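Reading through the structure tokens given below for one structure.
Numbers restart at 1 for each chain; the letters A, B, ... are given by sequence-line order, proteins then strands. Because the structure is a prediction, the values reported are computed rather than measured.
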Amino acid sequence: MATVTQILQERLQNALQAVGIKSDEPLQLAPTMDPRHGDYQTNAAMVMGKKVKENPRTLASRIVANLSTKGIGPPPEVAGPGFINFRISPEFLAHRVHELALDKRLGVEPVAAPKTIVIDFSSPNIAKPMHVGHIRSTNLGDALARVARFLGHQVITDNHLGDWGTQFGKVIYGWKRLLNRATLDSDPMEELVRIYREADAAAEKDPEILGECRRELVKLQEGDIENRRIWQRCVDLSKAEFSKNYDLLGVRFDFQLGESFYNAELPGVVQELQDRGLAEASEGAIVVWDHELSDDPFIVRKSDGGFGYATTDVATIEYRYRQWHADAVWYVVGAPQNLHFQQLFSLTRRLGYDLDLQHIAFGSILGEDRKLMRTRSGESVPLRALLEEAVGRATAIVAEKNPELSERERSAIGRIVGIGAIKYADLSQHRMTDYVFSWDKMLSLQGNTAPYLQNAYVRSRSIFRKLDAAFVAPSSVELGEEPELALTKKILQFPDVVPAILDGFKPNILANYLYELAAQFHGFYESCPVLSAEPVKRETRLLLCDVFARLLQTGLDLLGIQVPDKM
RNA sequence: GCGUCCGUAGCUCAACUGGAUAGAGCGUCGGCCUCCGGAGCCGAAGGUUGUGGGUUCGAGCCCCGCCGGACGCACCA
């Protein structure tokens, strides 16, 4: 089913044609900000008026004279400098919301041309615990994957683990000399971090130990059996630990191909770059220059003969292109890596790949002191502890607000609310802004938070528990009162909002929409009794409640957030 | 120094990609419970969108210059 804006767009295009105007681009037509300007508006007459040098208001009048809104609402009006304002009739609203209610996809059409999109996100490093810095990448990547899939794209999620690098020299050194087996069994991650830190500190003081670490690294890279085995153990232990976080967050990956997966390809990549004249020797290293971007080189082979992540990233793109036939690759990685990706993308273009590459950057998470979030001792905050604290805090709030819940219900709800709060605090914000992490704000039951939305869902669902039989959508819908109309108008925007998320990779526009939707619902809920209304009104209102709940559930699910039945 | 990003109510954030009188929440003040979950709703106060120019019918958004901040700039990822 077409969306309301699509229907109006079509009418507008017909009218433009009738007055002899061609537009190469689709003209803006969107819901109004202010109800006094109607329900939808377009600036087509002002945009086109400039092009054809006609007074915008007279052009607007000509367009309106040729614009049929039959079946949709009253004739549109010209206002201000040349806006064309549309109003939607209650009958049309009723018809549309009824249609939407009967649609499993809630009015969201799959895209006409599905693409194969690889989404690269989360990417923690082996032998280091995940920390707050991984939250945004993980949440954003997962949400974008869900949205793209819902829209019908072929999505491949890939966790590009940092499982290869110079830190393994120290880890292996520490494993051989400092390892405590008992701690490794009880808390493997902590033990891996400890041996790394101690080896690192020792290497700092003693050049001989540093040399020893380097030799361990070289042995690993050369395929030494024992070092290889230790490395594999570290990878396995770390992945098991990461999985606990991902399970708690409800995040899944199609693949977890770490950097090591591409090791064998690296010499060939550099050779290819040299053969094609893209890479050259510089200060002992092999580098690619792009002076338009930066005076710093893209180093594809280090002067010691080793390879860094630049080379791995090129190999990864080639793999994704050849093996998965990717049309697009989205990297959900923090803003500081901007230059790296510009260089990588530029090189990829020069290599001739027909790929849509996107660096989906995001800002940092700050502590209440407005500085990068750290623990009191100055460490980065472990993700696991953070998630568990969220669940704990949410469980306590739920227990206080609703003491009748069983312990089992309480902990299940606490998890949904706590994890939802963390995710929503992140995703409801514009991704580029640094945001201040605040337990009180994200767990607040007021304002634009997950608990507020989850509660709105719970309220809407609680009505249905009072029904004798399962709810069945009525055969007709009749809208009358203002709150019903306002809620319906907001509901009908959903099919336009979801595709818009991918325009700028901004899940926050969905979050904002859901919040406005919930606010409209509460207004409706306050002033329009449902169960005690006369039969026709009652059926209509039940349908609105049902659609609202499904929209909220679907919308939050696209953000990777669950809803409880009670809370 | 060069580059990227950011600067909006006291605080935390929006603003549908250039549209009409810049919106929410918290906090402050004032209203609303014989009624489906008040974890709610309605209202008031609060702004020269860091700053000075420019582009045009129209700028928080685009261009240029300042001020202030975060981050990145050769072999870590």
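The distance between atom CZ of A/F362 and atom P of B/C71, rounded to the nearest whole Å, is 15 Å. Taking atom CG of residue A/L445 and atom P of nucleotide B/C26, one finds them 11 Å apart after rounding to whole Å. Rounded to whole Å, atom P of B/C5 lies 21 Å from atom CD1 of A/I365. Rounded to an integer number of Å, the gap from A/D565 CG to B/G37 P is 14 Å. Atom-to-atom, CG of A/L339 to P of B/A70 comes out at 20 Å; the value is rounded to the nearest Å. Rounded to whole Å, the distance from CD on A/E526 to P on B/C35 is 13 Å. Distance A/Y513 OH to B/G23 C1': 18 Å, rounded to the nearest Å. Distance CD (A/Q337) to C1' (B/C76): 10 Å, rounded to an integer number of Å.
Other residues, nucleotides and ligands contribute only 12 or fewer heavy atoms inside 6.0 Å of the CD atom of A/Q562. Counted within 6.0 Å of CZ on A/R214, heavy atoms from surrounding residues, nucleotides or ligands total 12 or fewer; the atom is thus considered open.
Residue-level contact check: A/S462 touches the bases, meaning some heavy atom is under 4.0 Å from a base atom. At a threshold of 4.0 angstrom between heavy atoms, the contacts of A/V497 with the nucleic acid are absent. Counting non-hydrogen atoms under 4.0 angstrom, A/N402 reaches a base of the nucleic acid. Base engagement by A/S303 is indicated by at least one non-hydrogen atom pair under 4.0 Å involving a base atom. Note on A/Q493: nothing from the nucleic acid sits closer than 4.0 angstrom, heavy atoms only. Nucleic acid contact for A/K401: base, since at least one base atom lies under 4.0 Å from a heavy atom of the residue. Residue-level contact check: A/G308 touches the backbone only, with heavy atoms under 4.0 Å from sugar-phosphate atoms and none from bases.
Distance noted for atom P between B/G1 and B/U8: 24 Å (whole Å). Separating the C1' atom of B/G53 from that of B/C67 is a span of 15 Å, rounded to the nearest Å. Only the P atoms considered, B/C64 is 16 Å distant from B/G18, to the nearest whole Å. Annotation: B/A15 and B/G23 have their C1' atoms spaced 7 Å apart (nearest Å). When the C1' atom is compared between B/U34 and B/G30, the two are found 25 Å apart, to the nearest whole Å. Distance noted for atom P between B/C66 and B/U4: 14 Å (whole Å). Spacing between B/C2 and B/A59 at atom P, rounded to whole Å, works out to 31 Å. Separating the P atom of B/C13 from that of B/G52 is a span of 25 Å, rounded to the nearest Å.
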5' to 3', nucleotides 9-20 of chain B under a 4.0 Å protein heavy-atom cut-off (B base, S sugar-phosphate only, - none) gives ---SSSSBB-BB
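Within the structure, a side-chain polar atom (N or O) of A/Y452 is placed less than 4.0 Å from OP1 or OP2 of B/C41. Using a 4.0 Å cut-off, some side-chain N or O of A/Q446 falls inside it from OP1 or OP2 of B/C26.
Using a 90° window around 0 for the glycosidic torsion, B/C13 falls outside it and is classed as anti. Glycosidic conformation of B/U28: anti, with the torsion beyond 90° of 0.
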If a pair means Watson-Crick or G-U wobble with both distances below 3.5 Å, what does RNA chain B look like in dot-bracket form, with | marking bases paired to a different strand?
(((((.(..((((.....[...)))).(((((.......))))).....(((((..]....)))))).)))))....
Quiz: residues 164-171 of chain A side-chain donor-acceptor pairs under 3.5 angstrom, not counting sequence neighbours:
unit_1	atom_1	unit_2	atom_2	d
A/K170	NZ	A/D200	OD1	2.9

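When atom types are taken as modelled, the side chain of A/N508 and the backbone of A/A511 share no donor-acceptor pair closer than 3.5 angstrom.
Annotation: ring pair (Phe, Tyr, Trp, His ring centres under 6.0 Å) contacts of A/F437 (sequence neighbours excluded): A/W439. Scanning for ring pair (Phe, Tyr, Trp, His ring centres under 6.0 Å) contacts around A/F298 gives A/H340, with sequence neighbours left out. Applying the side chain to side chain donor-acceptor pair (under 3.5 Å) test to A/H522 and every residue at least two apart in sequence or in another chain returns A/Y452, A/R459.
Heavy-atom distances to RNA chain B give each of A/L372 and A/I397 a nearest nucleotide, and the one nearer the 5′ end belongs to A/I397. Taking the nucleotide of RNA chain B with the nearest heavy atom to each of A/W164 and A/P451, the more 5' of the two is matched to A/P451.
Taking NE2 of A/H134 as the reference point, atom CG of A/N125 lies at 6.0 Å (rounded to 0.5 Å).
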CA sep, side-chain torsions, deciding dist, call: A/D356, A/V329, side-chain contact (heavy atoms from CB on, under 4.5 Å):
CA-CA 6 Å; A/D356 173 24; A/V329 183; over 6 Å; no
Trace of the side-chain contact (heavy atoms from CB on, under 4.5 Å) decision for A/Y331 with A/Q358
CA-CA 6 Å; A/Y331 296 87; A/Q358 298 287 343; over 6 Å; no
Apply the test ring-ring contact (aromatic ring centres under 6.0 Å, His included) to residues A/F548 and A/Y525: give CA-CA distance (whole Å), side-chain angles for both, the deciding distance (0.1 Å), then the verdict.
CA-CA 11 Å; A/F548 167 72; A/Y525 186 90; 9.3 Å; no
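Side-chain N/O atoms of A/E265 and A/N263 include no donor and acceptor closer than 3.5 Å.
For A/S444 and B/A39, a side-chain-to-base donor-acceptor distance below 3.5 Å is absent, hydrogens and geometry of angles not being considered.
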